[in-house]
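Data block below; observations after.
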Amino acid sequence: MDRRYDPHAVEAKWQRIWKERDAYRTPDESGKPKFYCLDFFPYPSGDGLSVGHCRNYVPTDVVSRFFRMRGHNVLHPMGWDAFGLPAENYALKMGVHPRVTTERNIANYHRQMDMIGLSFDWSREITSSLPDYYRWTQWFFLLMYERGLAYRGTGQQWWCPSCKTILANEQVEQGRCWRCGSDVGKKDLEQWYFRITDYAQRLLDDLATIEWPEQIKLMQTNWIGRSEGAEVDFALPDRDEPLTVFTTRPDTLFGATYMVLAPEHPLVDELTTPERRAAVLVYQDQARRQSEIERLSTEKEKTGVFIGGHALNPVNGAEVPIWISDYVLMGYGTGAIMAVPAHDERDFQFATQFELPIVEVIAPPSGAQGTLSEAYIGDGVMVNSAGFDGLAAPGEAFAAVVDWLGERGLARRKVNFKLRDWLISRQRYWGAPIPIIHCEQCGPVPVPADRLPVLLPDLEDFHPTDDGQSPLARSAEFVNAACPKCGGPGRRETDTMDTFVCSSWYHLRYASPRHDVAAFDRDKVDYWLPVDLYVGGAEHAVMHLLYARFFCKVLQDAGYVDFGEPYSTLRNQGMIQAEDGQKMSKSKGNVVTPDSVVELHGADSLRVYELFIAPFEQSVAWSDRGVQGCSRFLSRYWNLAAEVVAAQGIGVAAGGAETERGRALLRSLHKTIRKVTRDVESFRFNTAVSAMMELQNEALDVWAGARGALSLAEWRELLATFTLLLAPMAPHVAEEVHEQLGGEGSVLDVAWPSWDDELAADEVVTVVVQVNGKLRDRLAVAVDAEKDDVLAAARAGANTQRFLDGKQVVKEVYVPGKLVNFVVK
RNA sequence: GCCGAAGUGGCGGAACUGGCAGACGCGCCGGACUCAAAAUCCGGUCCCGUUCACGCGGGGUGCGGGUUCGACCCCCGCCUUCGGCACCA
């Protein structure tokens with residue numbers, strides 16, 4: 001064995017051997033329990049992987065190898081979320097077709113992943129932009145369509161002027177496009193939606209059944225936004241149909257002094273009086289043209305106009321004026337509200353602005369206020385509410401008012417959700433075509449499943465346009481198609497699908513990636529799914545992670561799978577910032593790539609450092625020096641291994657002190673096995689690495705100063721076990737040392753070491769002695785020492801004596817094996 | 001504004017269920033090796049005071065209170081940073 005650690009030689013050797021042995025091929029059947037360990041579906045960017053990405057892939061690789069050593073059949077696949085805007089924008093920038101750039105980027109990602117020694121089963125690699133994959137993405141669209149979950153709708157939608165496409169609700173962040181950060185505006189287009197709102201309640205309920213970070217569950221809960229209330233009908237003087245509003249506070253109905261409709265509300269036109277029409281049209285136009293940013297920036301001031309019409313409050317017949325304002329959203333509830341300025345902050349602000357009446361109908365516990373200086377939204381009792389006065393609100397008052405109105409057919413209980421349907425059409429080229437043909441006779445007709453895929457044509461010019469038309473619309477060859485139903489002339493749907501559709505089911509594809517008669521082989525999916533461990537960044541909390549859950553439930557309802565949640569356990573890794581604490585980005589020029597780190601220190605050092613740098617879920621700044629520390633750790637490990645391999649004839653020394661050091665070292669070994677095992681199980685990789693470092697430091701000390709403390713066989717055994725613990729983290733160097741120590745086959749096929757609690761148990765422990773809670777002394781005490789003996793020894797300590805002298809001990813606290821505390825006066 | 005998470009040496013962080021604060025690593029300081037440097041190895045490294053020295057004392061986990069024999073950990077009130085939501089009636 002070489003005396004010097006040469007990571008590049010070792011890594012090249014073992015990567016070659018792994019490839020030759022096809023070491024990471026996963027069989028579909030085995031007597032072992034299965035473990036499905038999955039990383040978020042990556043988009044293969046032109047920039048390649050940074051060390052930040054490795055923060056995701058290294059830990060999952062460690063867990064995969066760990067489970068494999070613990071006797072599991074592990075599925076650890078990788079593939080590419082290759083469709084989508086970034087790929088297309090990158091291709092436009094480079095002036096090359098996205099198919100070409102995507103292939104190139106994938107090859108680079110693949111190379112980098114091999115370079116850092118990830119144990120993917122590449123025979124299962126999938127690429128969402130290839131027809132044998134998107135064929136099934138299209139099949140999922142048909143499934144949604146068949147089940148009434150895919151529909152076409154019109155209305156104002158988020159439009160990103162830079163990406164030149166419509167966005168889903170989830171993809172707008174603070175009024176900006178989640179991808180490019182441009183201000184989004186609104187556009188009227190006919191679009192395809194998936195009816196995710198049908199699943200709102202189940203998406204909410206089933207969060208209780210999965211082991212996900214509480215923060216993510218909370219974000220989904222808030223996004224789904226369930227609220228319980230009632231729909232209340234306000235009669236309109238010259239109209240049969242009432243104006244219906246949604247409210248969570250029907251108990252405040254007597255305080256409703258005006259109503260507000262969303263500017264786009266369909267009744268606005270009808271209810272506007274001739275003298276108000278001009279002002280209403282101006283306001284509607286202004287509201288429509290506003291970008292989301294402008295709307296948010298004017299948040300302080302409420303705007304709106306009176307439309308001239310009135311409605312009748314169902315509880316007292318009062319005539320209330322109707323206004324329109326952009327603070328009422330068409331997409332939520334009924335798009336209309338009853339305004340109760342006394343008990344709603346927004347209504348209060350609006351009423352103050354436009355001098356509308358404010359009537360107190362809920363008195364706080366301290367008594368009615370008469371005139372309010374701000375909205376009172378707390379609990380209280382009803383006042384100014386005729387027969388309902390005195391009821392506790394909202395509690396019993398809510399029920400009383402809704403029941404009273406319910407008996408008259410004017411209200412019913414209603415649950416509303418903030419969640420909107422998922423808008424899936426995109427006016428861009430690089431995506432899976434929506435498999436629909438619009439027929440003049442039959443309307444939209446789905447392409448039959450056996451005629452999938454609808455191939456994405458190889459367009460030369462795939463530039464997006466501002467007019468809301470997909471580039472596919474420019475290809476007559478693509479557009480013109482016969483109606484599958486009547487055979488008459490038809491036009492293909494030219495929008496493509498949001499890439500989140502591709503990533504909503506990919507985890508199923510890995511179970512049977514080459515299956516060509518269905519999206520997946522049921523038996524294989526029954527065996528492998530759901531995913532046991534899913535790891536990725538927290539930024540997909542309400543996008544991918546919500547959509548994939550929705551897909552799973554649809555499949556369950558359709559009888560294709562028998563589970564309702566795709567990912568049993570989810571973990572979010574922390575991000576890695578540049579050394580200066582800033583976000584790594586190509587434009588800032590501060591990106592650290594695994595290539596540069598591997599070149600300098602080797603893949604194993606990179607891997608160990610990725611684990612050691614900080615707690616897994618925590619963001620942290622990169623440090624080149626830090627990697628060096630991990631590289632030194634592996635070098636010392638190599639040196640010790642080389643010396644032990646070369647050593648001959650050392651034996652147990654006669655001296656008692658030396659044998660005790662040997663016993664202590666073996667005790668540390670068993671403690672370390674225990675700690676590393678538990679730490680890896682619970683994602684505490686940083687402390688697992690530090691425990692290994694501690695053990696190694698001790699072993700090096702003993703080797704340098706008292707190597708006779710252990711026999712050569714014991715040294716070899718110690719090193720072999722250490723190597724097994726290291727194997728998931730630094731697989732290349734572990735393979736080499738394993739082989740040098742005479743191990744058979746791959747270190748991965750050796751069983752994970754077990755510890756002996758007895759061997760790990762301390763014989764002597766340190767008991768600290770405190771006086772009034774302050775540390776005064778330490779005692780080395782046998783673990784099984786009697787309480788009285790320990791107390792006596794504690795009292796006898798010279799330093800302790802100084803603090804007990806002349807004082808009266810009023811209490812003695814004794815925690816076996818831990819401490820003694822004398823409380824004195 | 002609302003919801004959530006986090007504040008520990010020069011830095012990343014450790015401390016199990018309320019029981020030795022600062023493990024491990026980086027950096028820094030000193031030493032060895034070397035003609036020299038790098039690499040490597042050995043020792044030191046929370047702050048203040050005290051001692052020739054081994055030591056010893058005091059303070060210390062964002063700030064202010066509280067509970068407890070004992071608090072980085074539990075409770076109350078603040079401050080700061082980060083993440084999410086942002087007129088959802």
Side-chain angles (χ1 to χ4, degrees), chain A residues 4 173-175 213-223 225-227 229 245-249 252 260 262 292 295-296 298-300 302 325-329 331-340 343-347 349-350 416-420 538-539 541-542 575 579 581 608-609 612-615 617-630 632-633 635-636 639 675 678 684 686-697 700 704 766-778 799 802-803 810-815 817-824:
Chain A
R4 218 186 101 257
E173 297 174 340
Q174 269 140 62
E214 286 306 318
Q215 194 183 309
I216 300 286
K217 289 195 196 183
L218 191 70
M219 281 166 71
Q220 291 212 348
T221 302
N222 292 339
W223 191 262
R226 179 192 153 98
S227 77
V245 301
F246 173 72
T247 178
T248 54
R249 294 295 301 273
T252 63
V260 187
E292 185 69 349
R295 214 180 62 123
L296 289 171
T298 58
E299 193 194 324
K300 302 283 168 284
K302 291 253 182 299
S325 172
D326 62 7
Y327 85 92
V328 173
L329 310 172
Y332 185 75
T334 62
I337 63 158
M338 62 179 211
V340 184
H343 306 290
D344 181 280
E345 283 174 34
R346 299 151 298 184
D347 298 345
Q349 210 188 341
F350 191 85
N416 258 325
F417 296 93
K418 283 205 278 187
L419 182 71
R420 313 289 161 83
E539 67 275 10
V542 290
M575 291 190 299
E579 207 142 6
V608 171
Y609 183 59
F612 183 64
I613 187 167
E617 56 286 338
Q618 195 169 307
S619 291
V620 66
W622 179 259
S623 159
D624 282 327
R625 295 292 204 152
V627 198
Q628 222 173 75
C630 292
R632 283 202 271 262
F633 163 63
S635 291
R636 283 194 283 260
N639 292 342
K675 178 153 180 64
R678 290 179 179 167
R684 291 193 302 251
N686 58 326
T687 50
V689 172
S690 87
M692 305 268 304
M693 288 173 168
E694 281 183 80
L695 176 63
Q696 177 168 287
N697 288 345
L700 284 167
T766 302
V767 171
V768 302
V769 183
Q770 298 179 340
V771 178
N772 283 351
K774 288 195 187 301
L775 177 70
R776 298 303 177 196
D777 202 2
R778 288 167 228 261
N799 202 45
R802 284 172 51 205
F803 292 91
V810 293
K811 189 171 180 184
E812 293 171 340
V813 180
Y814 175 63
V815 183
K818 289 261 157 85
L819 64 48
V820 174
N821 188 12
F822 296 111
V823 185
V824 302

Counting Watson-Crick and G-U wobble pairs only, both distances under 3.5 Å, name the nucleotide matched with [N], or none.
{"N": "B:A86", "answer": "none"}
{"N": "B:U80", "answer": "B:A6"}
{"N": "B:G57", "answer": "B:C48"}
{"N": "B:G18", "answer": "none"}
{"N": "B:C74", "answer": "B:G66"}
{"N": "B:G30", "answer": "B:C42"}

Non-hydrogen atoms of [X] and [Y] that approach each other most closely:
{"X": "A:Leu775", "Y": "A:Asp777", "result": "CD1-O, 3.7 Å"}
{"X": "A:Met338", "Y": "A:Val245", "result": "N-CG1, 3.7 Å"}
{"X": "A:Ala541", "Y": "A:Ile216", "result": "CB-CD1, 3.7 Å"}

Ignoring the backbone of [X], work out which of [options] is nearest its side chain.
{"X": "A:Asn686", "options": "B:A89, B:A5, B:A14", "value": "B:A14"}
{"X": "A:Met693", "options": "B:A89, B:C24, B:G4", "value": "B:C24"}
{"X": "A:Arg802", "options": "B:G13, B:C87, B:G57", "value": "B:G57"}
{"X": "A:Ser227", "options": "B:C69, B:A89, B:C24", "value": "B:A89"}
{"X": "A:Trp223", "options": "B:C24, B:C85, B:C56", "value": "B:C85"}
{"X": "A:Thr687", "options": "B:A89, B:A14, B:C26", "value": "B:A14"}
{"X": "A:Arg776", "options": "B:G25, B:A15, B:G58", "value": "B:G58"}
{"X": "A:Arg625", "options": "B:G27, B:A89, B:C20", "value": "B:G27"}
{"X": "A:Thr248", "options": "B:G59, B:G57, B:A89", "value": "B:A89"}
{"X": "A:Phe803", "options": "B:G57, B:C24, B:G13", "value": "B:G57"}

- Within 6.0 angstrom of A:Glu345 CD, more than 12 heavy atoms from elsewhere: no
- Query: Between A:Asn639 and A:Asn821, who's closer to the 5' end of RNA chain B by nearest nucleotide?
  - Reply: A:Asn639
- Could you say whether A:Arg420 or A:Ser619 is positioned toward the 5' end of RNA chain B, judged by the nucleotide with the nearest heavy atom to each? A:Ser619
- Query: Going by atom types only, do A:Tyr609 and A:Asp624 share a side-chain donor-acceptor pair under 3.5 Å?
  - Reply: no
- Do A:Arg636 and A:Asn639 have side-chain N/O donor and acceptor atoms under 3.5 Å apart? no
Reckon [X] has a side-chain N or O less than 4.0 Å from the OP1 or OP2 of [N]?
{"X": "A:Arg778", "N": "B:G19", "answer": "no"}
{"X": "A:Arg249", "N": "B:A89", "answer": "no"}
{"X": "A:Asn697", "N": "B:G25", "answer": "yes"}
{"X": "A:Tyr332", "N": "B:A89", "answer": "yes"}
{"X": "A:Lys774", "N": "B:G59", "answer": "yes"}
{"X": "A:Gln215", "N": "B:G84", "answer": "no"}
{"X": "A:Arg636", "N": "B:U40", "answer": "no"}

Base, sugar-phosphate, or nothing for [X], non-hydrogen atoms under 4.0 angstrom?
{"X": "A:Leu218", "result": "sugar-phosphate"}
{"X": "A:Asp347", "result": "nothing"}
{"X": "A:Asn416", "result": "nothing"}
{"X": "A:Val620", "result": "sugar-phosphate"}
{"X": "A:Gln770", "result": "base"}

- Item | In B:G64, glycosidic geometry as syn within 90° of 0 or anti otherwise | anti
- Should the pair A:Lys302 and A:Phe350 be classed as cation-pi, given the thresholds of under 6.0 Å to the six-membered ring centre and 45° from the axis? no
- Message: Rounding to an integer number of angstrom, what distance separates B:G13 and B:C72 when you compare their C1' atoms?
- Response: 14 Å
- Query: When only distance counts, do a donor and an acceptor, one from the side chain of A:Lys818 and one from the base of B:C20, lie under 3.5 Å apart?
  - Reply: no
- Measure the distance from CD on A:Glu812 to C1' on B:G70 and round it to the nearest whole Å. 15 Å
- Query: Are A:Tyr332 and A:Ser227 close enough, and set up right, to give a side chain to side chain contact (heavy atoms under 4.5 Å, CB included), and what steps lead you there?
  - Reply: CA-CA 11 Å; A:Tyr332 185 75; A:Ser227 77; 3.0 Å; yes
